[in-house]
Amino acid sequence: MLHWIQYIRGYVVVRVWGYSVERLLNLCGNHDILVWDIEDHGDYHTMRMSIAGFFALKPLLKKTGTRVAVLHRYGLPFFVSKMQKRKLFVAGLFCCILFWSLASRCIWDIRIEGNYALTEDVLMEYLQEQGVHTAMKKSDLQIETLEQALRKDYDLITWTSLQLRGTTLLVRIKENEMPVYDEQKSETAAGGMDLVAEKDGIVTYIITRSGVPLVSCGDSVKAGDVLVSGAIPVYNEDTTVRRYQYVKADADILLRYTKQVSLEAPVAYEEKCYTGEKLDIPVLGAGSKEITLRLFGIPYDLYDTSEEKKQVKLLDHLYLPLFYGQKTVQEYEVAAKKHTDEEMKALLQEEWRKNISTLLEKGVQITEKNVTIKKNDKKWVLYANMQLEESAVKLLPTEAEAVEVPEEEQQSDQTRAVILKGGAWERLQSV
């Protein structure tokens, strides 16, 4: 604490020499002049004293016949006097402090942790829709509201935590280990769900667990045909339909259909040949704007550009909206080349393998395939005629079936209504 008081008031380191240095120190004690860190160097002494004490030495130096010289100056008064001569530095320092204080009120970096099934791009896009983005004010961020919105809009998220660290928004989430599948919830007490064909084909397999099957193995169906109805009829004693009980149709169904595939690969292609010439251009950025520190343009006609930038970080989580880095420009030339027969076969086989893998990932079974390749000087074309089997069905709401009520039942219902109404009238009269 004493050191800070001395720094604020200011002090000097002086060199004292002459005939009676000891007498000078005694007089300093009698006149309440504070002196400390006294060192004897033989011919002279060094010591520290306050600014007021230094100016009070003048009459004492004449009495003792000693001389004094200032070696160093320390403290806030000397720092301020120096800064008065450096106005541009003081203005820059003030602007820097002002910019730092204003920038620290905003969010300049968003980090997401704990996401596995949900990608970072999906969550960042969701935050943008909620109005959360970089360069926004911290005071505009509603943490509790955003946490509730994340849990509500994503069933996969079971726990969320948003935390501000400096200018960084840290979003931590925990996903459900048991994935929640979004089933169609259109089924109500008044209606059911039908299984409808999505494509034209032939039914090769069907096992019904719920609902009424309307097709059997070997039947040809078209897209939109109802395969299993969600309306189960309830019959009267005379085998007429009294009403329908609606359920969600459930069945394992396979449809066989034909699909033609055509894959093309050109023989001629263009290849980039890098010449080895490149430029490294420094880049500075602020927010979404960017400045390249190069006076002249790029001297290449054809070139590729790669960029590496870093955000300015003062402390661990204190980011600023400033970027720096460099842009690398590489020159290349285009050379016209042709694939060999072996390369063309490899290209078509790779495309065919990707096509087959896509079908298998969707659960499609390939029962038969016929592949032919036609080639000429310009391109090779792969033609494939395949027979596929898959569960190409979907759920749609069941249309309510109209039920005709016989006239006898209508008359009996009307009679019951009259009797009930008359009984209620008699009860009212008795009251």
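Residue numbers run from 1 in the order of the sequence given.
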Check ion pair [X]-[Y] (N to O, under 4.0 angstrom):
X    : Y    : result
E113 : R172 : yes
R111 : D109 : yes
K345 : E342 : no
K327 : E290 : yes
K222 : D200 : no

Distance in Å, [X] [atom1] paired with [Y] [atom2], rounded so as to fall on 0.5 Å steps:
X    : Y    : atom1 : atom2 : answer
T134 : I107 : OG1   : CD1   : 9.0 Å
D280 : Q326 : CG    : CD    : 4.5 Å
I112 : L127 : CD1   : CG    : 5.5 Å
S220 : I202 : OG    : CD1   : 4.5 Å
L395 : D250 : CG    : CG    : 8.5 Å
M193 : Y246 : CE    : OH    : 13.5 Å

### Steps toward salt bridge (Lys or Arg N to Asp or Glu O under 4.0 Å) verdict (K337, E271)
CA-CA 7 Å; K337 294 187 177 181; E271 183 179 7; 2.6 Å; yes
So, the side chain of [X] versus the backbone of [Y]: is there a donor-acceptor pair under 3.5 Å, distance only?
X    : Y    : value
K259 : A384 : no
S101 : L98  : yes
S357 : R353 : yes
E343 : T340 : yes
E264 : W380 : no
W108 : A103 : yes
K309 : L284 : no
T46  : R15  : no
E147 : L162 : yes

### Test log, rule side chain to side chain contact (heavy atoms under 4.5 Å, CB included), inputs L347 and H339
CA-CA 9 Å; L347 286 174; H339 291 293; 3.6 Å; yes
Could you check whether atom [atom1] of [X] has more than 12 heavy atoms from other residues, nucleotides or ligands sitting under 6.0 Å from it?
X    : atom1 : answer
R105 : CZ    : no
L293 : CG    : yes
K278 : NZ    : no
Y303 : OH    : no
R151 : CZ    : yes
E270 : CD    : no
E144 : CD    : no
I291 : CD1   : no

Using distance alone, with no hydrogens and no angle criterion, decide if [X] and [Y] have a side-chain donor and acceptor under 3.5 Å apart.
X    : Y    : result
D219 : S216 : yes
D304 : Q330 : no
E390 : Y257 : yes

Under 4.5 Å between any side-chain heavy atoms of [X] and [Y], yes or no?
X    : Y    : answer
E175 : L118 : yes
Q311 : L322 : no
V329 : Y300 : yes
E307 : V283 : yes
D194 : P397 : no
D252 : R209 : yes
N115 : L123 : yes
P233 : V212 : yes

Could you report the tightest heavy-atom contact between [X] and [Y], atom names first, then the distance?
X    : Y    : value
L348 : A265 : CD2-CB, 3.9 Å
C273 : A335 : SG-CB, 4.0 Å
Y269 : K338 : CE2-C, 3.7 Å
M344 : V267 : SD-CA, 4.0 Å
S229 : L214 : CB-CD1, 4.1 Å
A223 : E198 : CB-O, 3.5 Å

### Query
Applying the side-chain contact (heavy atoms from CB on, under 4.5 Å) test to T160, which of L146, I173, I143 qualifies?
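Filter result, single survivor: I173.
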### Task
Would you please indicate if the ring centroids of Y154 and Y126 are separated by under 6.0 Å?
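Centroid distance Y154-Y126: below 6.0 Å, so yes.
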### CA sep, side-chain torsions, deciding dist, call: V334, L302, side chain to side chain contact (heavy atoms under 4.5 Å, CB included)
CA-CA 8 Å; V334 177; L302 300 175; 3.7 Å; yes
### Message
Among residues at least two apart in sequence or on other chains, which ones pass ring pair (Phe, Tyr, Trp, His ring centres under 6.0 Å) with W36?
### Response
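So W36 forms a ring pair (Phe, Tyr, Trp, His ring centres under 6.0 Å) with Y11.
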### Query
Stepwise, does the side chain to side chain contact (heavy atoms under 4.5 Å, CB included) test hold for E389 with T204?
CA-CA 8 Å; E389 283 188 356; T204 59; 3.4 Å; yes
Acceptor/donor pairs from residues 362-378 side chains to any protein atom, 3.5 angstrom cut, sequence neighbours excluded:
unit_1 : atom_1 : unit_2 : atom_2 : d
T367   : OG1    : Q387   : O      : 2.9
N376   : OD1    : K378   : N      : 2.9
N376   : OD1    : K379   : N      : 2.8

### Test side chain to side chain contact (heavy atoms under 4.5 Å, CB included) applied to E361 - qualifying residues, sequence neighbours left out
none
#### Entry: Derivation of the side chain to side chain contact (heavy atoms under 4.5 Å, CB included) call for R294 and L279
CA-CA 10 Å; R294 180 176 173 80; L279 291 174; 3.9 Å; yes
